[in-house]
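To find a chain, count down the sequence lines: A is the first, B the second, and so on, and within it residues start at 1. These figures come from a predicted structure and were not determined experimentally.
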Amino acid sequence: MEQKQLVAQAIVAATDGQLSLEDVVAKIEVPKSYDLGDYAFPAFALAKIYHKAPQQIAPELVEKISLDGFDKVEAVGPYVNFFLDKKAFSLEVLQEVIDQQANYGDQDLGHAGNVPIDMSSPNIAKPMSMGHLRSTVIGNSLAELLKKANYNPIKINHLGDWGTQFGKLIEAYKLWGSEEEVKKDPINTLLKYYVHFHQVDQEQPELDDEARAWFKKLEDGDEEAINLWTWFREESLKFFKGIYAKLGIDFDSYNGESFYNDKMDEIVEILQDKGLLQESRGAEIVDLEKYNLNPALIKKTDGTTLYITRDLAAALYRFRTYNFVQSLYVVGNEQTNHFNQLKAVLKEMGYDWSDEIHHIPFGLITSGGKKLSTRRGNVILLEEVLNDAVELAQKQIAEKNPDLPNKDEVAEEVGVGAVIFHDLKNDRLNNFDFNLEEVVRFEGETGPYVQYSHARAMSILRKAGDVSFDQLVGLNDEESWEVIRQLSNFPAMIKRAVEEYEPSVIAKYAIHLSKSFNKYYAHTKVLTDDEQKNTRLAMVASVATVLKESLRLLGVKAPDEM
RNA sequence: GCGUUUGUAGCUCAGCAGGAUAGAGCAACCGCCUCCUAAGCGGUAGGUCAUCGGUUCAAUUCCGAUCAAGCGCACCA
């Protein structure tokens with residue numbers, strides 16, 4: 001970053017202030033190929049000012065630029081290419097990483113402001129599928145990233161524990177369920193009832209009325225309904241927590257939809273007071289015509305609430321409780337309309353803070369090209385995927401490193417890490433069709449590749465024993481230069497990932513850093529006794545630190561050996 | 001139909017908010033372990049950046065249209 005300023009200043013000085021520093025900074029780019037330097041300034045913008053061809057201007061600029069801070073400055077066609085002083089720059093970067101350790105890359109974008117994150121949010125009485133994994137791992141990574149940028153994230157698991165579906169479940173249980181069967185295998189049994197319900201109600205639509213009646217009872221506090229619901233909820237939560245433990249993710253709150261049951265009346269009252277509520281086809285709605293959105297359904301004909309009613313209550317509750325600077329919702333892109341409606345209704349209610357509500361959408365996972373659907377039985381169980389991945393990691397270890405001391409622990413970290421990393425490495429919005437082989441791949445651009453790179457670095461450091469990094473020297477060979485440049489990019493990557501709510505920025509970065517390090521590793525023997533040995537070790541230590549930190553920000557463990 | 005997201009190599013994706021010969025990974029083929037973990041490194045082959053227009057000195061990148069796909073469009077969440 002500062003290097004870019006240095007380049008910009010040199011250009012501004014050489015052009016006698018014809019261009020502002022800001023303009024020049026905006027124009028400066030990083031050449032695609034190393035032999036074209038570290039930064040480049042295209043002289044096209046000057047062609048009009050000087051009435052000359054940019055190819056002619058570039059060499060003239062080079063004449064006027066002092067070499068202070070650069071190894072070389074040269075003109076190639078219309079470009080002025082800058083080569084940084086490798087020795088000075090590498091020393092500076094390594095010193096910084098060694099000094100700051102895991103704090104390297106920390107920023108203060110958030111000034112400690114609260115940011116509730118609505119994430120994971122599985123539905124009670126249903127198993128967790130690959131679909132929930134996305135919200136969980138993206139939310140978790142955003143929380144870590146926000147923390148690094150000095151925000152105070154609050155991870156809220158907005159459990160899907162309320163709604164008509166529980167009427168259906170209770171109705172199904174009453175018709176076909178047995179207590180013993182549920183106790184044996186809660187989730188799968190409840191799921192079975194639920195799926196069965198949807199098969200039967202195709203021909204017996206009156207079941208839906210029964211189900212709605214049960215949900216009505218639930219909202220009205222009927223004892224039998226509440227008892228069943230509480231039981232289903234507890235069993236589900238036990239099961240979910242097992243999976244979260246496996247993923248290494250925890251939450252600050254498990255306040256799901258039901259938590260807002262007693263907070264919706266106020267919302268309805270406010271809407272009424274402000275004259276926003278209208279009756280339409282027997283239901284209560286808020287018209288959103290002027291936002292070019294469908295009306296928001298606040299209450300159904302039978303007086304029960306809907307998803308958006310609860311989300312309105314939740315939004316207000318979160319604002320009052322956390323006084324947030326931003327409020328995030330990590331929810332699939334198929335719900336974009338819902339969040340547009342949510343924000344619009346809040347805006348109509350006069351809440352300016354609705355502008356700080358951000359839906360963080362992500363793409364859909366399909367299976368065989370088809371949307372996952374619990375009711376139709378088309379699910380990919382997260383638990384199974386994780387188990388498969390860990391098992392595969394075990395095989396891999398048995399084959400490649402049979403003497404590894406803590407095999408099971410490492411297999412867990414690698415297997416689970418592979419699944420998480422796979423989910424985070426691509427753009428959030430990309431859809432993907434589930435493919436087990438792809439998800440648990442350990443070679444190429446994968447989580448295990450990054451973990452392996454880290455383990456290699458740690459291995460060198462172990463072999464090196466005690467070394468001090470007090471007397472570092474500059475490095476200027478080609479292979480280490482690639483690594484140094486990557487290391488220096490880390491803080492900028494953090495910033496971008498936070499600003500774009502995009503963990504994939506960090507995943508991609510980790511791959512690039514790993515690549516440059518593996519290349520270096522193949523080319524240079526680190527543990528050779530010479531005057532640069534300690535500096536090389538400092539670089540290896542820096543790579544290990546930054547890789548481990550990158551993985552941590554993604555929610556992936558970095559074993560020292562694998 | 002309306003809204004929205006997407007369209008880059010056989011497959012999966014990058015391309016840093018316009019720039020110098022479009023990059024990786026898988027898959028294919030060929031090399032590299034007497035040397036810090038070969039879960040690695042190197043090489044070969046593979047593309048009219050969906051199509052057509054527009055803005056610009058410069059467009060894969062910005063704008064518009066068309067085509068194709070995903071998702072959403074009132075009593076589910």
Enquirer: In the strands shown, is B:rC73 matched to any nucleotide by a Watson-Crick or G-U wobble pair with both distances under 3.5 Å, and which?
Expert: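 B:rC73 is paired, partner B:rG1.
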
Enquirer: Name the orientation of the base relative to the sugar in B:rA17: syn if the glycosidic angle is within 90° of 0, else anti.
Expert: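 Chi for B:rA17 falls in the syn range.
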
Enquirer: Is there a side-chain contact between A:R441 and the phosphate of B:rA39, meaning an N or O under 4.0 Å from OP1 or OP2?
Expert: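 Result: no.
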
Enquirer: Taking only side-chain nitrogens and oxygens of A:K463, does any of them come within less than 4.0 Å of OP1 or OP2 of B:rU37?
Expert: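 So the side chain of A:K463 is within the cut-off, an N or O lying under 4.0 Å from OP1 or OP2 of B:rU37.
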
Enquirer: Where along residues 334-341 of chain A does a heavy atom fall under 4.0 Å from RNA chain B?
Expert: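 Hits under 4.0 Å, by residue number: A:E334, A:Q335, A:N337.
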
Enquirer: Strictly below 4.0 Å, N to O, side chains only: are A:R441 and A:E438 in salt-bridge contact?
Expert: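 Yes, this pair counts.
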
Enquirer: Is there a donor-acceptor contact under 3.5 Å linking the side chains of A:R212 and A:T304?
Expert: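 Looking only at side-chain atoms, A:T304 and A:R212 do not form any donor-acceptor pair under 3.5 Å.
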
Enquirer: If you measure from the C1' atom in B:rA22 to the same atom in B:rG46, how many Å do you get, rounded?
Expert: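 B:rA22 and B:rG46 have their C1' atoms separated by 13 Å.
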
Enquirer: When all nucleic acid strands are considered with a 4.0 Å heavy-atom cut-off, which category describes A:V414: base, sugar-phosphate, or nothing?
Expert: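 Base, at least one base atom sits under 4.0 Å.
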
Enquirer: Which whole number of Å gives the distance between the C1' atom of B:rC13 and that of B:rA27?
Expert: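 Looking at atom C1' only, B:rC13 and B:rA27 are 14 Å apart.
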
Enquirer: Taking A:K508 first and then A:E445, would you say they form a salt bridge - that is, a charged N and a carboxylate O separated by under 4.0 Å?
Expert: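 No, A:K508 and A:E445 are not salt-bridged.
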
Enquirer: If you compare all heavy atoms of A:L487 against all heavy atoms of A:P491, which two are closest, and at what distance to 0.1 Å?
Expert: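 In terms of heavy atoms, the two residues are closest at O-CD, 4.2 Å.
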
Enquirer: For a quick check of understanding: with a heavy-atom distance under 4.0 Å over all strands, which category does A:I397 fall into, base, sugar-phosphate or nothing?
Expert: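 Contact class for A:I397: base.
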
Enquirer: Measure from the side chain of A:I460, starting at C-beta and using heavy atoms only, and say which of B:rC36, B:rA74, B:rC71 lies closest.
Expert: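 Side chain of A:I460 sits closest to B:rC36.
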
Enquirer: Please report the distance separating the P of B:rC30 from the corresponding atom of B:rA45, rounded so that it comes out in whole Å.
Expert: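 Approximately 15 Å lies between the P atom of B:rC30 and that of B:rA45.
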
Enquirer: Which whole number of Å gives the distance between the C1' atom of B:rC2 and that of B:rA74?
Expert: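 Going atom to atom, C1' in each nucleotide, I get 16 Å.
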
Enquirer: Let's test this: given Watson-Crick or G-U wobble pairing with both distances under 3.5 Å, identify the partner of B:rG64.
Expert: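 For B:rG64, the partner nucleotide comes out as B:rC52, under the 3.5 Å rule.
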
Enquirer: Measuring to OP1 and OP2 of B:rG72, would you say a side-chain N or O of A:K371 lies under 4.0 angstrom away?
Expert: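 For B:rG72, OP1 or OP2 has a side-chain N or O of A:K371 closer than 4.0 Å.
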
Enquirer: Among the nucleotides B:rG40, B:rU37, B:rC36, which one has an atom lying closest to any side-chain atom of A:V526?
Expert: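 So the nucleotide nearest the side chain must be B:rC36.
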
Enquirer: Please determine whether a side-chain nitrogen or oxygen atom of A:R536 lies at a distance below 4.0 Å from atom OP1 or OP2 of B:rC36.
Expert: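 So the side chain of A:R536 is outside the cut-off, no N or O lying under 4.0 Å from OP1 or OP2 of B:rC36.
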
Enquirer: Is the Lys NZ or Arg CZ of A:R456 less than 6.0 Å from the centre of A:F517's six-membered ring, within 45° of the axis?
Expert: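 Pair A:R456/A:F517 does not count as cation-pi.
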
Enquirer: Remember a base hit wins even if backbone is also touched, and classify A:A455 as base, sugar-phosphate or nothing at under 4.0 Å, heavy atoms.
Expert: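 Counting heavy atoms under 4.0 Å across all strands, the contact made by A:A455 includes a base.
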
Enquirer: Could you go through nucleotides 12-14 of chain B and list every protein N or O atom that sits under 3.5 Å from one of its N or O atoms, giving the distance for each pair?
Expert:
{"residue": "B:rC13", "atom": "O3'", "partner": "A:N426", "partner atom": "ND2", "Å": "3.4"}
{"residue": "B:rC13", "atom": "O3'", "partner": "A:N430", "partner atom": "ND2", "Å": "3.2"}
{"residue": "B:rC13", "atom": "O2'", "partner": "A:N426", "partner atom": "ND2", "Å": "2.9"}
{"residue": "B:rA14", "atom": "OP1", "partner": "A:D427", "partner atom": "N", "Å": "3.3"}
{"residue": "B:rA14", "atom": "OP1", "partner": "A:N430", "partner atom": "ND2", "Å": "2.9"}

Enquirer: Among B:rC36, B:rA77, B:rU37, which is the nearest nucleotide to the side chain of A:Q165?
Expert: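 So the side chain of A:Q165 is nearest to B:rA77.
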
Enquirer: Write down the distance separating the P atoms in B:rC63 and B:rC16, rounded off to the nearest Å.
Expert: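 Between the two P atoms, the distance is 14 Å.
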
Enquirer: Closer than 4.0 Å, any side-chain N/O of A:K400 to the OP1 or OP2 of B:rA39?
Expert: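 So the side chain of A:K400 is within the cut-off, an N or O lying under 4.0 Å from OP1 or OP2 of B:rA39.
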
Enquirer: Do NZ/NE/NH1/NH2 and the carboxylate oxygens of A:D23 and A:K27 come within less than 4.0 Å?
Expert: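 A:K27 and A:D23: not salt-bridged.
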
Enquirer: Show the distances under 3.5 angstrom between N or O atoms of the protein and N or O atoms of nucleotides 20-22 of chain B.
Expert:
{"residue": "B:rA20", "atom": "OP1", "partner": "A:K32", "partner atom": "NZ", "Å": "3.2"}
{"residue": "B:rA20", "atom": "OP2", "partner": "A:K32", "partner atom": "NZ", "Å": "2.7"}
{"residue": "B:rA20", "atom": "N6", "partner": "A:N81", "partner atom": "OD1", "Å": "3.2"}
{"residue": "B:rA20", "atom": "N1", "partner": "A:N81", "partner atom": "OD1", "Å": "3.1"}
{"residue": "B:rA20", "atom": "N1", "partner": "A:N81", "partner atom": "ND2", "Å": "3.2"}

Enquirer: Using a 90° cut-off around 0 for syn, call B:rC63 syn or anti.
Expert: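 For B:rC63, whose glycosidic angle is more than 90° from 0, the conformation is anti.
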
Enquirer: Indicate, with a heavy-atom threshold strictly under 4.0 Å, whether A:L293 touches base, sugar-phosphate, or nothing.
Expert: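 Contact class for A:L293: none.
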
Enquirer: What integer number of Å spans the P atoms of B:rU44 and B:rU56?
Expert: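 It works out to 41 Å between them.
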
Enquirer: Look at all strands and tell whether A:S453 reaches a base, only sugar-phosphate, or nothing, counting heavy atoms closer than 4.0 Å.
Expert: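 Nothing: the residue A:S453, judged by heavy atoms under 4.0 Å, touches no strand.
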
Enquirer: When you measure from the side chain of A:Y449, which nucleotide among B:rC76, B:rA39, B:rC41 comes out closest?
Expert: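 Looking only at heavy atoms from C-beta outward on A:Y449, the closest nucleotide is B:rC41.
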
Enquirer: Are A:K533 and A:D530 within salt-bridge range, i.e. N to O under 4.0 Å?
Expert: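 No, A:K533 and A:D530 are not salt-bridged.
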
Enquirer: Nearest-Å distance, OH (A:Y307) to P (B:rG72)?
Expert: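 The answer, rounded to whole Å, is 13 Å.
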
Enquirer: Looking at the side chain of A:L364, which of B:rA77, B:rG70, B:rU37 is the nearest nucleotide?
Expert: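 The listed nucleotide nearest to A:L364's side chain is B:rG70.
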
Enquirer: At under 4.0 Å between heavy atoms, what does A:M562 touch on the DNA or RNA strands: base, sugar-phosphate, or nothing?
Expert: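 Base contact.
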
Enquirer: Considering all heavy atoms of both residues, which atom of A:M119 and which atom of A:T136 are nearest to each other, and what is their separation?
Expert: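 Closest approach of A:M119 to A:T136, heavy atoms only: CE-O, 3.4 Å.
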
Enquirer: Taking NZ, NE, NH1 and NH2 as the nitrogens, is one of them in A:K395 or A:E399 under 4.0 Å from a carboxylate oxygen of the other?
Expert: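 A:E399 and A:K395: not salt-bridged.
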
Enquirer: Testing the 3.5 Å rule here: is there a donor-acceptor pair between the side chains of A:Y291 and A:E348?
Expert: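 A:Y291 vs A:E348: donor-acceptor pair found between side chains.
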
Enquirer: How close or far is atom C1' of B:rC16 from atom CD of A:E499, stated in whole angstroms?
Expert: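 To the nearest whole Å, that distance equals 13 Å.
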
Enquirer: Could you give the distance separating B:rG25 and B:rG15 at their C1' atoms, to the nearest angstrom?
Expert: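 Looking at atom C1' only, B:rG15 and B:rG25 are 15 Å apart.
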
Enquirer: What does A:E399 touch in the nucleic acid at a heavy-atom separation under 4.0 angstrom: a base, only the sugar-phosphate, or nothing?
Expert: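 It contacts nothing in the nucleic acid.
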
Enquirer: Centre of A:Y39's six-membered ring, under 6.0 Å away, within 45 degrees of the axis: is that where NZ or CZ of A:R485 sits?
Expert: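 Yes, a cation-pi geometry holds between A:R485 and A:Y39.
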
Enquirer: Does a nitrogen or oxygen in the side chain of A:Y452 sit under 4.0 Å from OP1 or OP2 of B:rA39?
Expert: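 Answer is yes, contact under 4.0 Å.
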
Enquirer: Tell me: CG of A:D287 to P of B:rA74, nearest whole Å?
Expert: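 These atoms are roughly 15 Å apart.
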
Enquirer: What class does the angle between the rings of A:W229 and A:W162 fall in, given that below 30° is parallel, 30 to 60° is tilted and above 60° is perpendicular?
Expert: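 Aromatic pair A:W229/A:W162 classed perpendicular.
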
Enquirer: If the plane angle is over 60° it's perpendicular, under 30° parallel, otherwise tilted; pick one for A:H359 and A:F339.
Expert: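 Parallel, since the angle between the ring planes stays under 30°.
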
Enquirer: Which part of the nucleic acid, if any, lies within reach of A:L306 when heavy atoms closer than 4.0 Å are counted: base, sugar-phosphate only, or nothing?
Expert: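 Result for A:L306 = sugar-phosphate.
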
Enquirer: Indicate the atoms forming the closest heavy-atom contact of A:V540 with A:A457, along with that distance.
Expert: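 Looking at all heavy atoms of both residues, the shortest contact is CG1-O, 3.5 Å.
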
Enquirer: Would you kindly give the CE-to-P distance between A:M119 and B:rA77, to the nearest whole Å?
Expert: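 Taking CE of A:M119 and P of B:rA77, I get 22 Å after rounding.
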
Enquirer: Which nucleotide wins on minimum distance to the side chain of A:A522, given the candidates B:rC41, B:rU37, B:rA74?
Expert: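 In terms of side-chain proximity for A:A522, the closest of B:rC41, B:rU37, B:rA74 is B:rC41.
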
Enquirer: Roughly how many Å apart are B:rA39 and B:rU60, using the C1' atom of each and rounding to a whole number?
Expert: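 The answer is 34 Å between these two C1' atoms.
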
Enquirer: Let's see if you can work this out: which of B:rC16, B:rG40, B:rC36 has an atom nearest to the side-chain heavy atoms of A:R496?
Expert: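 It is B:rC16.
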
Enquirer: Main chain of A:E257, side chain of A:D161: is a donor-acceptor contact present, judged purely on distance under 3.5 Å?
Expert: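 A pair under 3.5 Å: yes.
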
Enquirer: So what does A:S514 hit on the nucleic acid, given a heavy-atom distance under 4.0 Å: a base, only sugar-phosphate, or nothing?
Expert: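 It contacts nothing in the nucleic acid.
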
